Chemist: 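Here you go, one structure.
Quick caveat: nothing in here was measured; it's all calculated off a predicted structure.
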Amino acid sequence: MFKGIHHVAIICEDYPRSKHFYTEVLGFKVLAENYREERQSYKLDLQLADGSQIELFSIPNSPIRPSYPEAQGLRHLAFKVTDIDAVVAHLTSHNVDVEPIRIDEYTGKKFTFFSDPDDLPLEIYQG
């Protein structure tokens with residue numbers, strides 16, 4: 001019935017800052033960028049290497065995340081990577097704070113967390 005995840009929607013506070021982060025730092029491909037005049041809001045469609053997408057929205061006066069990271073709802077967004085050490089090095093070269101790499105106690109795989117410009121918790125998982 002379900003074939004996979006098509007996209008994840010993210011609301012940001014500072015659109016230019018978040019656009020730079022997701023396109024220049026994380027390297028996601030821009031599929032479309034639209035300004036919605038009636039909402040005074042941007043919608044940026046981004047694509048990852050596997051074809052999945054992120055919709056990045058700028059919505060004026062949106063509330064901040066209530067707590068980190070244990071609020072009800074989506075806990076974090078995890079990205080699969082081949083070489084976690086190389087990705088951590090890339091992120092830190094762009095002044096992104098990355099937590100120490102941990103080992104998943106159930107799978108034995110490496111993972112770690114970092115945050116986007118709006119403090120959205122993101123994970124990289126080597127697999």
Chemist: In terms of hydrophobic clustering (I, L, V, M, F, W, Y; side-chain heavy atoms under 4.5 Å; direct or indirect links), are Val30 and Tyr35 co-clustered?
Modeler: yes

Chemist: Just so I know, are the side chains of Phe79 and Phe28 near enough to count as touching, which here means a heavy-atom distance under 4.5 Å?
Modeler: yes

Chemist: Are Phe21 and Leu77 connected in the hydrophobic side-chain network, where two residues link if heavy atoms are under 4.5 Å apart?
Modeler: yes

Chemist: Would the distance check show the side chain of Ser41 and the main-chain N or O of Ser58 forming a donor-acceptor pair, the cut-off being under 3.5 Å?
Modeler: yes

Chemist: Is there a path from Leu26 to Ile5 through hydrophobic residues (I, L, V, M, F, W, Y) whose side chains come within less than 4.5 Å of each other?
Modeler: yes

Chemist: Please table the atom pairs, donor to acceptor, closer than 3.5 Å between any side-chain atom in residues 6-15 and protein atoms at least two apart or in another chain.
Modeler:
residue	atom	partner	partner atom	Å
His7	NE2	Glu55	OE1	3.3
Asp14	OD1	Arg17	N	3.2
Tyr15	OH	Glu33	OE2	2.5

Chemist: Going by the rule side chain to side chain contact (heavy atoms under 4.5 Å, CB included), which residues pair with Asp50 if we only count those two or more places apart in sequence or in a different chain?
Modeler: Leu48, Ser52

Chemist: To check you understand the geometry: which heavy-atom pair defines the closest contact between Ser18 and Asp118, and what is its length?
Modeler: OG-OD2, 3.3 Å

Chemist: State whether Lys43 and Asp45 are salt-bridged, where the test is any N-O pair (Lys NZ or Arg NE/NH1/NH2 against Asp/Glu carboxylate O) under 4.0 Å.
Modeler: yes

Chemist: Any non-hydrogen side-chain atom of Phe114 less than 4.5 Å from a side-chain atom of Ile124?
Modeler: yes

Chemist: Salt bridge check, Glu105 against Arg102: does any charged N sit closer than 4.0 Å to a carboxylate O?
Modeler: no

Chemist: Would Thr107 and Tyr125 count as having a side-chain donor-acceptor pair, cut-off 3.5 Å?
Modeler: yes

Chemist: Please report the shortest heavy-atom distance between Gln40 and Pro60, naming the atom on each side.
Modeler: O-CG, 3.4 Å

Chemist: How about Tyr42 and Asn34: does a side-chain donor come under 3.5 Å of a side-chain acceptor?
Modeler: no

Chemist: Is Leu46 reachable from Leu120 through a run of hydrophobic residues whose side-chain heavy atoms are each under 4.5 Å from the next?
Modeler: yes

Chemist: Look up atom NZ in Lys109 and atom CD in Gln126, then write down how far apart they are to the nearest 0.5 Å.
Modeler: 7.5 Å

Chemist: Could you go through Ile101 and Phe111, starting from their C-alpha distance and side-chain angles, then the distance that decides it, and tell me whether this counts as side-chain contact (heavy atoms from CB on, under 4.5 Å)?
Modeler: CA-CA 6 Å; Ile101 294 173; Phe111 71 99; over 6 Å; no

Chemist: Between Leu122 and Val81, is there shared hydrophobic-cluster membership here, with clusters defined by ILVMFWY side-chain heavy atoms closer than 4.5 Å?
Modeler: yes

Chemist: For residues 84-92, run the donor-acceptor check on the side chains, cut-off 3.5 Å, and write out each pair with its distance to 0.1 Å, sequence neighbours left out.
Modeler:
residue	atom	partner	partner atom	Å
Asp85	OD2	Lys110	NZ	3.3
His90	NE2	Val25	O	2.5
Thr92	OG1	Val88	O	3.0
Thr92	OG1	Ala89	O	3.1

Chemist: Calculate, to the nearest 0.5 Å, the distance between atoms CD and CD belonging to Glu123 and Glu99 respectively.
Modeler: 9.5 Å

Chemist: Do Tyr22 and Asp116 have side-chain heavy atoms sitting under 4.5 Å apart?
Modeler: yes

